[in-house]
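To keep things clear, I will list the structure first and then write my remarks on it.
Throughout, protein chains are lettered first and strands after them, A, B, ... in sequence-line order, and every chain is numbered starting at 1.
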Amino acid sequence: MIPSAREISTRLLEWFRVHQRSLPWRRDYDPYHIWVVEIMLQQTQVRTVIPYYQRFMERFPTVQALAEASLDEVLQLWAGLGYYRRARYLHQSAQQIIAKHGGRIPHSLRELMALPGIGRYTAGAIRSIGFNLDAPVVDGNVIRVLARLFGIEGDVKQSRIQKRFWALAEDLIPSGRAREFNQALMEFGATVCTPPHPQCDSCPLRDSCRAYASGDPTQYPQMPRRPETIMLRDVTAVIMHRGSYLLVQRTEEDRWGGLWEFPRGTCEKDESDGEALVRILRQKLGLEVRVESHLHTLRHTVTHHRITLHAYRCQWVSGEPQTHTYSAVIWCPLESLADYAAPAPQVRLVKHLLGS
DNA sequence: AATACGGGGAG
DNA sequence: CTCCCAGTATT
């Protein structure tokens, strides 16, 4: 039988009343708090976000504090969380909110979506969770729960299917209770109706779930095929000269934009690590170096690229570092390396250097 | 409609 | 290790 909207929302609200997690941003539902945490939660799980959120709010308790901070400091607090454009957008948005909205988070869909980094999902989350307006949200959890419950077939990325999810998410909202309901729907997806191994045994919606009736709920939703993984070999140069290490700041448009790291680049086909290092340091910094010894190997992933990063200790030979391919270049003492916002693999490398 | 953007968790 | 997951902006 087709479950009624009322039945679903009632059961989800009851489930949420009993099972909701206690989270820092659920204490007051301040729109500023909700905005920041929803940006952090884009593509990122709750458990990962919590410590970042707490540090962030300690340092930037208000929109004003965030707007007045330097981008460097915002990135420093964001370092390790990934998708660094989010931090830049958050910072820019804070300044726009001060300039155009008198320091208050706007509540209309139009004004929210005009802010950088806020799309339809985040606007809906701020409107519903922050302001308790009857606005729908559709994230990965919502898509999964609704696709299973209603047995929705077809690639979920298709705009036709997307429209169905948004319409359903809106229809299900019990009037005046979007704050609770949207959180219930998403948290239910994150903890019960999980991608693999859904907890159907304890599911309050099982009796009306099409996917459960089909015998294999994990067949829903139908995800698009992922692009093939590309393997890359990167090298990075740890250059110490007169007691300091050469650090470069990546440009804003670049990936890891605004973050600091040891100079690095990708090996070309049939190029040795040493050849690549010499080439990259010449091209990017105008430096001549001698490659001394292999220090460490790290593996990480960027979108569909799987990168093996080899770090080498290098000796400066000649040339003054040029900035043209970077935002900045500095010589940094070992004990200050940790003060610069850096991507996660770089942080691991620095830790390795400090430990050895 | 397709693609780029980082990192973490589970098995 | 390998596989899986996921909003926004840009093209």
In whole Å, what is the span from the [atom1] atom of [X] to the [atom2] atom of [N]?
X	N	atom1	atom2	answer
A/Trp35	C/dG7	CH2	C1'	16 Å
A/Gln162	B/dA1	CD	P	10 Å
A/Arg120	C/dA6	CZ	P	18 Å
A/Leu41	B/dG7	CG	P	17 Å
A/Ile39	B/dG6	CD1	P	15 Å
A/Arg225	C/dA6	CZ	C1'	19 Å
A/Gln158	B/dA1	CD	C1'	10 Å
A/Ile126	C/dT8	CD1	C1'	13 Å

Inset, instruction - Would you please test A/Glu58 and A/Arg55 for salt bridge (charged side-chain N to carboxylate O under 4.0 Å, His left out) and show each step? - result: CA-CA 5 Å; A/Glu58 238 170 79; A/Arg55 286 194 293 270; over 6 Å; no
Legend entry - Residue whose closest nucleotide on DNA chain C lies nearer the 5' end, A/Asn141 versus A/Arg306: A/Arg306
Base, sugar-phosphate, or nothing for [X], non-hydrogen atoms under 4.0 angstrom?
X	answer
A/Gln43	base
A/His197	sugar-phosphate
A/Arg144	sugar-phosphate
A/Pro345	sugar-phosphate
A/Arg47	nothing
A/Leu115	sugar-phosphate
A/Pro343	sugar-phosphate
A/Ile118	sugar-phosphate

Is the shortest heavy-atom distance from the side chain of [X] to the side chain of [Y] under 4.5 Å?
X	Y	result
A/Phe16	A/Gln183	yes
A/Thr236	A/His310	no
A/Ile152	A/Arg164	yes

Inset, instruction - Go through residues 72-90 of chain A and report each residue with a non-hydrogen atom lying under 4.0 Å from DNA chain B, sorted by number. - result: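 Here the set is A/Gly80, A/Leu81, A/Gly82, A/Tyr83, A/Tyr84, A/Arg85.
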Legend entry - Inter-nucleotide P distance (C/dC4, B/dG6), Å rounded: 23 Å
Legend entry - C/dA6 to B/dG11 separation - P atoms, rounded to the nearest Å: 15 Å
Legend entry - Chi angles and distances behind the salt bridge (charged side-chain N to carboxylate O under 4.0 Å, His left out) call for A/Glu14, A/Arg17: CA-CA 5 Å; A/Glu14 172 61 13; A/Arg17 194 181 61 74; 3.0 Å; yes
Counting only side-chain heavy atoms from C-beta out, which of [options] sits nearest to [X]?
X	options	answer
A/Thr44	C/dA6, B/dG6, C/dT8	B/dG6
A/Thr303	B/dG7, B/dA4, C/dC4	B/dA4
A/Gln42	C/dT8, B/dG6, C/dA6	C/dT8
A/Trp256	C/dT8, B/dG7, B/dA1	B/dG7

Inset, instruction - Ignoring backbone atoms, test whether A/Arg299 places a side-chain nitrogen or oxygen under 4.0 Å from the OP1 or OP2 oxygen of C/dC1. - result: yes
Inset, instruction - Report yes if a side-chain nitrogen or oxygen of A/His304 is closer than 4.0 Å to either non-bridging phosphate oxygen (OP1 or OP2) of B/dA4; otherwise report no. - result: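 So the side-chain polar atoms of A/His304 do come within 4.0 Å of the phosphate oxygens OP1 or OP2 of B/dA4, strictly under.
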Inset, instruction - Describe, in one word, how the ring planes of A/His296 and A/His352 are oriented to each other, choosing from parallel (under 30°), tilted (30 to 60°) and perpendicular (over 60°). - result: parallel
Inset, instruction - Fit a plane to each ring of A/His300 and A/Trp256, take the angle between them on a 0 to 90° scale, and name the class: parallel (under 30°), tilted (30 to 60°) or perpendicular (over 60°). - result: tilted
Inset, instruction - Establish, from distance only, whether the side-chain atoms of A/Glu111 and A/Ser108 form a donor-acceptor pair under 3.5 Å. - result: yes
Legend entry - A/Ser93/A/Trp35 under side chain to side chain contact (heavy atoms under 4.5 Å, CB included): CA gap, chis, key distance, verdict: CA-CA 10 Å; A/Ser93 287; A/Trp35 166 49; 3.4 Å; yes
Inset, instruction - Return the 5'-most residue of the pair A/Lys157, A/Val302 with respect to DNA chain B, ranking by each residue's nearest nucleotide. - result: A/Lys157
Inset, instruction - Using heavy atoms to find the nearest nucleotide of DNA chain B for A/Ala344 and A/Ser159 separately, return the residue whose nucleotide is more 5′. - result: A/Ser159
